[in-house]
Number of protein chains: 2
Amino acid sequence: MDTPRPPATLADVAERAGVSRQTVSNAINNPDLLRPDTLARVQDAIEHLDYTPNQAARHLRTRSSHLVGLRLGPAQEFTANMAMDRFVHALVEASREAGYHVLLFSGGRVAEGELPDPLGGYDDLLRSTAVDAFVVTDTYLGNPQTIGLAQRRAPFVAFGRPWDDPGAAHPWVDVDGAAGIAAATEHLRAQGHERIAWLGWQPGSRIGEDRRAGWHRAMTALGLPTAGLEAAVEDGVLAGGRAAASLLGSSAPTAFVCASDTLAVGVLGALSDRGLKPGRDVGVVGFDDSQVAQVMGLTSVRQPLEEVAVHLVAALRALLAPGHGAESGVLLQPTLEVRSSSTRG
Amino acid sequence: MDTPRPPATLADVAERAGVSRQTVSNAINNPDLLRPDTLARVQDAIEHLDYTPNQAARHLRTRSSHLVGLRLGPAQEFTANMAMDRFVHALVEASREAGYHVLLFSGGRVAEGELPDPLGGYDDLLRSTAVDAFVVTDTYLGNPQTIGLAQRRAPFVAFGRPWDDPGAAHPWVDVDGAAGIAAATEHLRAQGHERIAWLGWQPGSRIGEDRRAGWHRAMTALGLPTAGLEAAVEDGVLAGGRAAASLLGSSAPTAFVCASDTLAVGVLGALSDRGLKPGRDVGVVGFDDSQVAQVMGLTSVRQPLEEVAVHLVAALRALLAPGHGAESGVLLQPTLEVRSSSTRG
DNA sequence: ATGAAAGCGCTAACAG
DNA sequence: CTGTTAGCGCTTTCAT
């Protein structure tokens with residue numbers, strides 16, 4: 001009994017307001033063009049008829065869906081998606097404020113032994129005009145997709161620097177991981193530590209190398225030794241624990257800066273095995289401020305994902321609405337969330 | 001130099017194949033209607049022109065966007081979103097296989113002191129024909145949105161039972177939390193525990209009450225006492241730790257079953273404070289199999305979210321393509337991920 | 001089995 | 001400032 005009738009259209013509103021369809025369209029998209037009284041009449045009609053513009057029609061006409069595509073990687077890619085949840089939230093919120101929605105898609109299931117197609121899913125969405133643009137997040141893998149997308153002239157913005165292609169023309173936003181790690185190192189120094197170890201990933205990840213550089217740079221600036229104080233392992237709790245145990249045995253560090261929360265949790269376990277208390281006895285800092293860090297009282301470098309999302313969306317708007325010049329690269333500073341794992345007392 | 005020309009349309013394909021537009025449309029949507037040789041010719045043209053149907057046009061014509069809306073709550077709602085990430089992944093994957101994409105939206109920022117609008121965002125998306133249907137996840141709050149959506153005749157499926165409305169007509173999928181907790185309780189009994197405590201939430205949450213019932217039922221069936229062996233606190237590590245400490249002091253439990261991983265982490269902390277080792281000395285089981293549980297070696301009840309997503313999408317298809325009778329309610333069984341926190345040795 | 005006509009609801013371009 | 005005309009690309013009649 002409630003609303004069995006089909007939704008109102010522009011024509012319905014026009015008729016009720018006694019104007020043409022075009023005028024209604026203008027009332028919505030260019031209110032300034034209308035005389036105040038006409039505008040009021042139209043708005044009244046819109047209200048009464050509970051009118052909402054049909055997106056499909058608008059989309060077809062304007063060739064703009066107001067949708068941005070975000071590909072969800074085949075889960076658990078390395079370490080990055082510990083923060084993915086927060087990022088998605090932030091992106092949805094920032095997009096909403098700009099009048100966009102976020103369309104999620106997957107690259108498709110990756111068959112056993114096959115390499116995932118770095119462009120899987122992008123092409124169809126774009127050519128079918130389902131989305132206006134993409135947000136690309138997994139640039140830490142190297143950046144095959146940014147290259148591929150650029151070749152296809154696909155509008156996109158990247159969360160992540162174009163490490164391997166300084167001449168890349170697309171807009172990007174990234175977080176200065178090296179600076180975050182340097183701040184963590186300085187924080188530990190301020191807590192009285194001098195033998196501060198780096199627990200990072202095996203070479204091959206630009207992000208990992210960047211973070212390590214932050215540690216090394218800070219240590220050097222502080223006049224502290226680095227020799228024998230680092231280990232590179234795969235990202236995992238067990239691997240982190242083993243590496244920490246080994247470092248503790250060989251070079252007596254009193255603090256650890258880690259490339260990820262996962263590794264830091266491993267360190268925590270190694271400390272516990274030796275009866276050492278995090279914070280009081282040995283300082284530990286992780287990276288990503290994941291739920292795990294929050295729950296375990298682990299000090300961690302936190303990426304300003306909300307801010308990242310806002311900049312990405314701003315870049316998108318600039319990209320899609322020519323005229324607005326875009327910042328083509330933005331590097332944001334992370335913050336250090338200090339918890340008990342790095343403070344004495 | 002690559003693809004500056006606009007994407008091919010149906011008409012382009014028709015011309016190249018020497019048939020009418022309609023025939024091309026049929027080749028795509030009803031291939032059976034074409035003679036094999038015509039079909040081949042058309043497919044050839046499609047291939048050569050790299051044609052992809054324009055979604056906007058199809059959407060306008062068929063009144064179906066092939067998009068399902070999923071609202072992201074204002075972050076951190078209670079405990080549920082520890083698993084949200086996994087669920088979103090699963091839903092995207094299941095949707096893809098059914099030819100749908102997932103549109104994320106937010107309820108809008110909730111102003112200080114205001115109640116969030118349970119229907120915020122839904123209405124516009126629906127009336128603007130931006131989405132075909134919704135997946136509603138936050139039914140644990142009670143279910144104002146299911147009621148509101150039902151009133152608006154909005155097509156939707158729910159992850160979560162209609163606790164307060166057994167007569168609800170919408171399709172739903174849920175996980176049998178009580179059974180999961182009962183299995184956890186039995187597991188602890190099999191490990192030799194008899195004084196198994198329940199650490200749950202304050203009354204008012206149907207989900208919380210359901211999980212507690214699973215513990216109580218299992219304890220009774222096992223002939224074990226429950227008196228003095230339970231506590232109800234707000235969901236948090238600190239609260240969980242305090243409650244565990246109190247129970248340990250008052251009634252000497254040797255194991256804890258918890259309503260969430262968060263509470264279980266609190267228990268772990270309390271044990272550590274007393275020099276007790278999880279597993280060996282005291283058994284602990286959490287709920288949700290979050291990253292925290294995986295990283296800390298916490299035994300936890302795991303919801304089969306992939307399966308949930310598949311059933312939700314199946315229900316959606318049935319809802320949107322009348323004829324296919326839908327199952328209107330599905331209750332799935334969780335599994336117990338056994339780790340060191342609940343096993344001796 | 002294929003084609004022709006009509007129109008989904010909207011907005012860009014031009015007239016008035 | 002407002003109205004008219006045309007058409008975005010597709011699919012649903014209905015003929016053939």
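Here is how names work: the chains are called A, B, and so on, in the same order as the sequence lines, proteins then strands, and each is numbered from 1. None of the values given here were measured: they were computed from a predicted structure.
- To the nearest angstrom, P of C:dC10 lies 12 Å from NE2 of B:His59.
- Atom OG1 of A:Thr23 is separated from atom CZ of A:Arg35 by 10.5 Å, given to the nearest 0.5 angstrom.
- The CG atom of B:Asp123 sits 7.5 Å away from the OG1 atom of A:Thr52 when rounded to the nearest 0.5 Å.
- One atom, CD of B:Gln55, and another, P of D:dT11, lie 9 Å apart when rounded to the nearest Å.
- Comparing C:dC10, C:dA4, D:dC10 against the side chain of B:Ala57 picks out D:dC10 as the nearest.
- Put simply, B:Arg58 has no side-chain N or O that comes within less than 4.0 Å of OP1 or OP2 on C:dC8.
- Of the side-chain N and O atoms in A:Arg61, none sit less than 4.0 angstrom from OP1 or OP2 of D:dA6.
- Separating the OH atom of A:Tyr51 from the C1' atom of C:dG9 is a distance of 7 Å, rounded to the nearest angstrom.
- For D:dC1, neither phosphate oxygen OP1 nor OP2 lies less than 4.0 angstrom from any side-chain nitrogen or oxygen of A:Thr38.
- Side chain A:Arg35 to base D:dT2: no donor-acceptor pair is found below 3.5 Å.
- One finds the CZ atom of B:Phe87 at 5.0 Å from the CG atom of B:Leu91 (value rounded to the nearest 0.5 Å).
- Nucleic acid contact for B:Arg21: base, since at least one base atom lies under 4.0 Å from a heavy atom of the residue.
- Proximity note for A:Asn29 (side chain, C-beta onward) versus D:dT2, C:dG3, C:dT11: the nearest is C:dT11.
- Contacts of B:Leu33 with the nucleic acid, taken as non-hydrogen atoms under 4.0 Å apart, involve only primed sugar atoms and P, OP1 or OP2.
- Rounded to whole Å, the distance from CG on A:Leu60 to P on D:dA6 is 18 Å.
- For the pair B:Asn54 and D:dC8, the criterion of a side-chain N or O lying under 4.0 Å from OP1 or OP2 is not met.
- Side-chain N/O atoms of A:Thr23 include none lying less than 4.0 angstrom from OP1 or OP2 on D:dT2.
- Distances shown here put a side-chain N or O of B:Ser25 below 4.0 Å from the OP1 or OP2 atom of D:dT11.
- In the set D:dT2, C:dA13, C:dC10, the nucleotide with an atom closest to the side chain of A:Leu34 is D:dT2.
- Spacing between atom CG of B:Leu10 and atom P of C:dG3 amounts to 12 Å, rounded to whole angstrom units.
- What separates CG of A:Asn26 from P of C:dA12 is a distance of 9 Å, to the nearest Å.
- Taking CG of A:Asp124 as the reference point, atom CD of B:Gln55 lies at 9.5 Å (rounded to 0.5 Å).
- Separating the CD1 atom of A:Ile28 from the C1' atom of D:dT2 is a distance of 16 Å, rounded to the nearest angstrom.
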Discussion item. Is there a side-chain contact (heavy atoms from CB on, under 4.5 Å) between A:Val157 and A:His170? Walk through the geometry before answering.
Written reply: CA-CA 6 Å; A:Val157 300; A:His170 65 267; over 6 Å; no
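- Summarising the geometry, atom CZ belonging to A:Arg161 is positioned 6.0 Å from atom CH2 belonging to A:Trp172; distances are rounded to the nearest 0.5 Å.
- The side chain of B:Gln22 lies closest to C:dA4 when the candidates are D:dC10, C:dA4, C:dG9.
- Protein atom CG of B:Asn30 is 11 Å distant from nucleotide atom C1' of D:dT12, rounded to whole Å.
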